[in-house]
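Following: one structure in structure tokens, then a few remarks.
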2 protein chains.
Amino acid sequence: MSTDAVVTTAAYEACPVTGVLRIIGDKWSPAVLRLLAERGHGFNELDRSIEGISRRMLTRTLRSLEESGYVLRTPYGPAPARVEYTLTARGRSLREQLRALGQWASVHDTGP
Amino acid sequence: MSTDAVVTTAAYEACPVTGVLRIIGDKWSPAVLRLLAERGHGFNELDRSIEGISRRMLTRTLRSLEESGYVLRTPYGPAPARVEYTLTARGRSLREQLRALGQWASVHDTGP
DNA sequence: CCGAATCCAGGCGGATACTG
DNA sequence: CAGTATCCGCCTGGATTCGG
């Protein structure tokens, strides 16, 4: 059965790196991962540390990273509503890869 | 002089990886780089190899990679209009980084 | 064979204001 | 402090058509 079936998403899905890039290839994920790699951060703390980001995009970025299992969100403190964002094991692992890529970029230039 | 000047694009630009990702973080660049890493390809050859891509996006992707110095475009043959796309030294160098990231991705899953 | 031109939908990302 | 809600411009990316 099937000589030509299941052509579908052959060469495209065959590139594993695409999946990750669709998540961390956006505008702010690298900066967030970078900061969280140092230590846990609160929301506004991240907001203030990342120059130019909006609270909206910070939320979206954090949600995306959380859903992908890179970031852990832990609310604490019933009163003034505090949340801490930290990297998961996968997040730290990914961060290492990004650091290597960043290393490469700073050496080989990032284009014109 | 200046205690608070030059706040500008601090933490954002401080992340070198962002620059590269803005180029290869799109939908098709990884697949193109992957194929060109094997050998030189013609335009339609790439078009046929990458399932789902449109000629338009292939053109844009190649132009982008060319402008960034990752891909070399060399036309040859006056008659039937042939072009060969190959990786530059920087391109091959970048491809190595991507391969490493792809390795990581295929091990650590790419998320749901 | 290798594109460029046009059209168009959808998503990313910014600005602003409001909530608990 | 930690978000949500709304609006809106822009760019990515797909489909189709035309040209060298």
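Within every chain, numbering begins at 1; the chains are lettered A, B, ... in the order of the sequence lines, protein sequences first and strands thereafter. Computed over heavy atoms, backbone and side chain alike; hydrogens, waters and symmetry mates excluded.
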Test side chain to side chain contact (heavy atoms under 4.5 Å, CB included) on A:L101 and B:L21 and set out the steps.
CA-CA 10 Å; A:L101 187 57; B:L21 289 185; 4.2 Å; yes
Looking at B:V17 and A:L98, what are the two nearest heavy atoms and their distance?
CG2-O, 3.9 Å
Please report the distance, rounded to the nearest Å, between [atom1] in [X] and [atom2] in [N].
X: A:I53; N: C:dG14; atom1: CD1; atom2: P; answer: 8 Å
X: B:R55; N: D:dC18; atom1: CZ; atom2: C1'; answer: 11 Å
X: A:H41; N: D:dC1; atom1: NE2; atom2: P; answer: 14 Å
X: A:D26; N: C:dG14; atom1: CG; atom2: C1'; answer: 14 Å
X: A:R60; N: C:dA15; atom1: CZ; atom2: P; answer: 15 Å
X: A:L46; N: D:dA2; atom1: CG; atom2: P; answer: 9 Å
X: A:L58; N: C:dT16; atom1: CG; atom2: P; answer: 18 Å
X: B:R82; N: D:dG20; atom1: CZ; atom2: C1'; answer: 16 Å

Nucleotide nearest [X] (side chain, heavy atoms from C-beta), chosen from [options]:
X: A:M57; options: C:dG14, D:dG20, D:dG3; answer: C:dG14
X: B:R22; options: C:dG13, C:dC1, D:dA2; answer: C:dG13
X: B:N44; options: D:dG14, D:dG3, C:dC2; answer: C:dC2
X: A:K27; options: C:dG13, C:dG3, D:dG3; answer: C:dG13

Any donor-acceptor pair under 3.5 Å from A:T61 side chain to A:M57 backbone:
yes
Under 3.5 Å, is there a donor-acceptor pair linking the side chains of A:H41 and A:S49?
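The criterion, which ignores hydrogens and geometry beyond distance, is not satisfied for A:S49 and A:H41.
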So, is [X] near the phosphate of [N], with a side-chain N or O under 4.0 Å from OP1 or OP2?
X: B:Y85; N: C:dC1; value: no
X: B:R48; N: C:dC1; value: yes
X: B:R63; N: C:dG3; value: yes
X: A:R56; N: D:dC8; value: no

Do the side chains of A:R39 and A:E84 get close enough for a salt bridge, i.e. N-O under 4.0 angstrom?
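Result for this pair is no, no salt bridge flagged.
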What does [X] touch in the nucleic acid at a heavy-atom separation under 4.0 angstrom: a base, only the sugar-phosphate, or nothing?
X: B:D47; result: nothing
X: A:T59; result: base
X: B:Y76; result: nothing

